[in-house]
Asker: 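I'd like to ask some things about the structure below.
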Amino acid sequence: MNPPESPRQPLRPSPSAPATLGVVIGHNPTRLWGMSSTERLNRSLKIAGVKDIRSFDRLGDAVDDLAGGSVVIVSNDWVFDVSIIKGLATRPNTVIIDGETRRAVAANVDAAQLSAAIALIERGEGSLPAEVQPLSAEDVGGNYNHELRKKESPYLLRLTPETLAAVERRMFSGSYKGVTDFVTKFWWPRPAEVVTRWCSHGGMSPNQVTLIGFIAVLISFWAFWNGHYLLGLASGWLMTFLDTVDGKLARVTLTSSPMGNVFDHGIDLVHPPFWWWAWIVGLVAYGTPTPYADLALWVILIGYVVQRVLEGIFMSLFDMHVHVWRRFDSFFRLITARRNPNLVILTPFALVGRPDLGILLVALWTALSLVVHAVQILQGLAARRHGPLRSWLAA
C-alpha cells in the first residue's frame, strides 16, 4: 500500500475518542532504556487513552465486544514517538506508512478490518478499504511539540540490535525541551544521556533521581547559609544536572506521573529564592558582608516572583509560553535570571573569593530580566490588535 502524494497540510478529520482496543503484534527481544518494546508500546497506548491493551495472541473475545469501537494495531518492530500513538488513537480509518521502507507499521481500523490490517503490517500482504487513509508519521503526530516547546518531526524508527544505539540517541534527543536555559541545552545533554542510561538500566525511577536532587537542594541551602560557597555550588550544580536527568528518564521510559510532576516542578519553582537568601546570609560568615545585602535580597525575591507571575499572565492572555512567541523570546530564555544562569554568574565570583559581588550582579540581572518580561507583555498586547499571536516555532 503506497501513501498518497502527501500535501504539506493533509486533510485532518476532527479527532474522535481514543480507540477502544490496542493490539501489539510481533515479538522483538531488543530492549531499549531497560524495557522491552512491548512494554513501551503498552505505555504509549495507555498514555494515548487506549484502556484495553493486548497482544495478538491474547485477543480472545475482545474484538467481538467492541460494539462499534476501533482498534489500534502497532508493530513491535518499530519505536514510535508518543505523539504518533496519540494521534493515531483518535484517527479511525488510518494506516501509518514508514517513509523509507514504504511499509505499513501501524493502523487504526474497525474490528472488521483487524485481520487485514495485521496481515498488511506483519507481512505486507493484502490491502485495506479505500476509506482507510495512508499517512506518514508526521501527518499523524504533527511537527510541533507544545509540551517540549520545539518544532521537530516525530520519530518512527526500526528497532534491531544494530539500530539500538541510534534509536536510544534519537529518543533521548526527542526528550529535550527546545526552549530552555543554555546550561541545560548545551552543557548537560552528553553527560545526561549517559547517566539517564545508567539509571534506566539500573531500575531507578525518575522520582528517586528527583529525591537525590532534593537532598542536594538542602545541602546547598545549608552550605550557602554558613558561607561554604564552594560546597554549596558543587551540590547545587549536581542538583541542576539531576534535574535534567529525572525529566529525560521519565520521558524516555514513559514513567511520568502526576505526583512526580508535582514533586519535580514544585522543587524547581520553590528552591531558588531560598538559595539566594541563604547566599546573602552567608556573606557575614564568609567575611564579605555588603551594605547592599537587604536591597539585593528584595530585588532578587520580588524580581523572581513577579517574573514568574508575568510569565503566567502572558500564558493567560495569549495561550502560549512567552518564551516561544518570537525568536528573541526563545533566545532570552537561554539567559534570563533563572537558577542555572544565576549559578553561572555566582560560580566565578565564589572561586575568586568575592561572593558578595556575584550576588549583587544576580540582583542586577534579575531586575533587567523583569523589565524584559514586562515589555514582552506590552508588545504582545500591541501585536494582538493585528490577530492572535503565533509561535515562531509552530510556523
Side-chain angles (χ1 to χ4, degrees), residues 143-152 172-193 195-196 213 233 236-248 251 264-265 267-269 271-273 275-276 279 299-300 303-315 318 320-351 358-380 383 389-395:
N143 62 1
Y144 179 61
N145 189 317
H146 290 271
E147 180 186 354
L148 297 183
R149 308 173 203 170
K150 61 181 177 181
K151 185 175 183 179
E152 182 179 64
F172 184 82
S173 172
S175 73
Y176 243 84
K177 285 184 178 179
V179 179
T180 185
D181 66 87
F182 71 91
V183 174
T184 303
K185 190 175 183 70
F186 300 119
W187 294 8
W188 290 153
R190 289 288 184 90
E193 181 179 356
V195 174
T196 300
L233 285 168
W237 280 116
L238 173 63
M239 185 273 167
T240 72
F241 177 70
L242 294 179
D243 189 37
T244 292
V245 171
D246 62 7
K248 309 305 171 289
R251 293 184 193 117
D264 181 39
H265 291 108
I267 293 172
D268 291 346
L269 183 65
H271 82 268
W275 274 6
W276 318 143
W279 187 286
V299 169
I300 291 172
Y304 177 79
V305 172
V306 175
Q307 181 174 321
R308 301 308 291 260
V309 169
L310 290 178
E311 291 176 8
I313 291 173
F314 194 98
M315 171 71 81
F318 309 115
M320 73 167 69
H321 290 278
V322 63
H323 307 298
V324 302
W325 177 24
R326 303 163 302 184
R327 289 180 183 272
F328 168 81
D329 306 310
S330 296
F331 163 76
F332 194 72
R333 177 62 181 89
L334 292 169
I335 59 175
T336 192
R338 293 280 192 93
R339 179 196 62 209
N340 290 359
N342 286 349
L343 285 176
V344 171
I345 294 172
L346 291 169
T347 298
F349 283 99
L351 289 172
I359 201 66
L360 292 177
L361 188 55
V362 166
L364 176 61
W365 184 232
T366 300
L368 292 175
S369 296
L370 180 60
V371 171
V372 171
H373 280 291
V375 171
Q376 286 169 319
I377 290 181
L378 295 177
Q379 292 173 328
L389 270 60
R390 181 177 173 82
S391 169
W392 73 277
L393 293 168

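In this chain, residues are counted from 1 in sequence order. All figures in this text were calculated on a predicted structure; none of them were measured in a lab.
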Asker: Might you point out which heavy atoms bring Y304 and L269 nearest each other, and give the distance in Å?
Answerer: OH-O, 2.7 Å
Asker: Rounded to the nearest 0.5 Å, how far does CG of L238 lie from CG of D243?
Answerer: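 Reported to 0.5 Å precision, the distance equals 11.0 Å.
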Asker: Kindly compute the distance separating CZ (R308) from CD1 (I313), expressed to the nearest 0.5 Å.
Answerer: 13.5 Å
Asker: Report the distance from atom CD of Q379 to atom CG of L389, rounding to the nearest 0.5 Å.
Answerer: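 So the CD of Q379 and the CG of L389 are separated by 10.5 Å.
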Asker: Which distance, rounded to the nearest 0.5 Å, do you find between the CZ of R251 and the CZ of F172?
Answerer: 10.0 Å
Asker: Find out whether L310 and V306 are in side-chain contact, i.e. whether some heavy atom of one side chain is under 4.5 Å from a heavy atom of the other.
Answerer: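 When only atoms from C-beta onward are counted, V306 and L310 do touch, with a gap below 4.5 Å.
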Asker: In chain order, what residues pass the salt bridge (Lys or Arg N to Asp or Glu O under 4.0 Å) check against K150, with sequence neighbours excluded?
Answerer: E152
Asker: Can a donor-acceptor pair be found, under 3.5 Å and without considering hydrogens, that links the side chain of S391 to the backbone of V324?
Answerer: yes
Asker: Do T336 and V372 have side-chain heavy atoms sitting under 4.5 Å apart?
Answerer: no
Asker: Decide side-chain hydrogen bond (donor to acceptor under 3.5 Å, both in side chains) for T347 and W237; before the verdict, give the C-alpha distance in whole Å, the side-chain angles of both, and the deciding distance to 0.1 Å.
Answerer: CA-CA 10 Å; T347 298; W237 280 116; 3.1 Å; yes
Asker: Search all heavy atoms of W365 against all heavy atoms of I335 and return the closest pair with its distance.
Answerer: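 Looking at all heavy atoms of both residues, the closest pair is NE1-O, 2.7 Å.
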Asker: Could you walk me through whether N342 and W279 pass side-chain contact (heavy atoms from CB on, under 4.5 Å), step by step?
Answerer: CA-CA 12 Å; N342 286 349; W279 187 286; over 6 Å; no
Asker: Could you pull out the closest heavy-atom pair between I267 and P272, with the gap in Å?
Answerer: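 Looking at all heavy atoms of both residues, the closest pair is O-CD, 4.3 Å.
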Asker: Which of parallel (below 30°), tilted (30 to 60°) and perpendicular (above 60°) describes F332 and F328?
Answerer: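 Ring orientation of F332 relative to F328: parallel.
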Asker: Is the shortest heavy-atom distance from the side chain of K177 to the side chain of T184 under 4.5 Å?
Answerer: no
Asker: Is any side-chain heavy atom of L351 closer than 4.5 Å to a side-chain heavy atom of L233?
Answerer: no
Asker: Could you tell me which residues satisfy side-chain hydrogen bond (donor to acceptor under 3.5 Å, both in side chains) with Q376, sequence neighbours excluded, listed by chain and number?
Answerer: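 Residues passing side-chain hydrogen bond (donor to acceptor under 3.5 Å, both in side chains) with Q376: D329, H373.
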Asker: Using every non-hydrogen atom in the two residues, find where A337 and S369 come nearest and quote the distance to one decimal.
Answerer: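 The pair with the smallest heavy-atom distance is N-OG, 3.3 Å.
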Asker: Look up atom CG in L393 and atom CZ in R327, then write down how far apart they are to the nearest 0.5 Å.
Answerer: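 One finds 8.0 Å between CG of L393 and CZ of R327.
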Asker: In sequence, state the C-alpha distance, the side-chain angles, and the governing distance for T244 and E193, and then conclude on side-chain contact (heavy atoms from CB on, under 4.5 Å).
Answerer: CA-CA 10 Å; T244 292; E193 181 179 356; over 6 Å; no
Asker: Run the salt bridge (Lys or Arg N to Asp or Glu O under 4.0 Å) test against D181 and tell me which residues pass, sequence neighbours left out.
Answerer: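 Expected list: none.
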Asker: Suppose we screen for salt bridge (Lys or Arg N to Asp or Glu O under 4.0 Å). Which residues come up paired with R338, at least two apart in sequence or across chains?
Answerer: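 Salt bridge (Lys or Arg N to Asp or Glu O under 4.0 Å) check on R338 returns E311.
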Asker: Applying side-chain hydrogen bond (donor to acceptor under 3.5 Å, both in side chains), name anything that partners Y144, two or more places apart in sequence or on another chain.
Answerer: none
Asker: Do the side chains of I359 and I300 get nearer than 4.5 Å, heavy atoms only?
Answerer: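 Yes; the side chains approach each other to less than 4.5 Å.
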Asker: What verdict does the side-chain contact (heavy atoms from CB on, under 4.5 Å) test give for D268 and D264, after you've listed the backbone C-alpha separation in whole Å, the side-chain angles of each residue and the deciding distance to 0.1 Å?
Answerer: CA-CA 6 Å; D268 291 346; D264 181 39; 3.7 Å; yes
Asker: Once side-chain hydrogen bond (donor to acceptor under 3.5 Å, both in side chains) is applied, do any residues pair with T240, and if so which ones, sequence neighbours excluded?
Answerer: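 Counting only residues at least two positions away or on another chain, T240 forms no side-chain hydrogen bond (donor to acceptor under 3.5 Å, both in side chains).
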Asker: May I ask you to check whether over 12 heavy atoms, not counting those of F182, lie within 6.0 Å of atom CZ?
Answerer: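 Atom CZ in F182 is packed in, count exceeds 12.
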Asker: So do V195 and F241 actually touch side chain to side chain, heavy atoms under 4.5 Å?
Answerer: yes
Asker: Stepwise, does the side-chain contact (heavy atoms from CB on, under 4.5 Å) test hold for R333 with H321?
Answerer: CA-CA 11 Å; R333 177 62 181 89; H321 290 278; over 6 Å; no
Asker: So, for G380 and F318, which heavy atoms are closest and what is the spacing to 0.1 Å?
Answerer: C-CZ, 3.4 Å
Asker: Quick check: closest heavy atoms across S330 and V179, and the distance to 0.1 Å?
Answerer: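 In this case the closest contact between S330 and V179 is OG-CG2, 3.8 Å.
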Asker: What distance separates K248 NZ from Y176 OH, expressed to the nearest 0.5 Å?
Answerer: 5.0 Å
Asker: Are the side chains of K151 and N143 in touch, meaning some heavy atoms are under 4.5 Å apart?
Answerer: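 Side-chain contact under 4.5 Å: yes.
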Asker: Looking at side-chain heavy atoms only, is the closest gap between L343 and W275 below 4.5 Å?
Answerer: yes
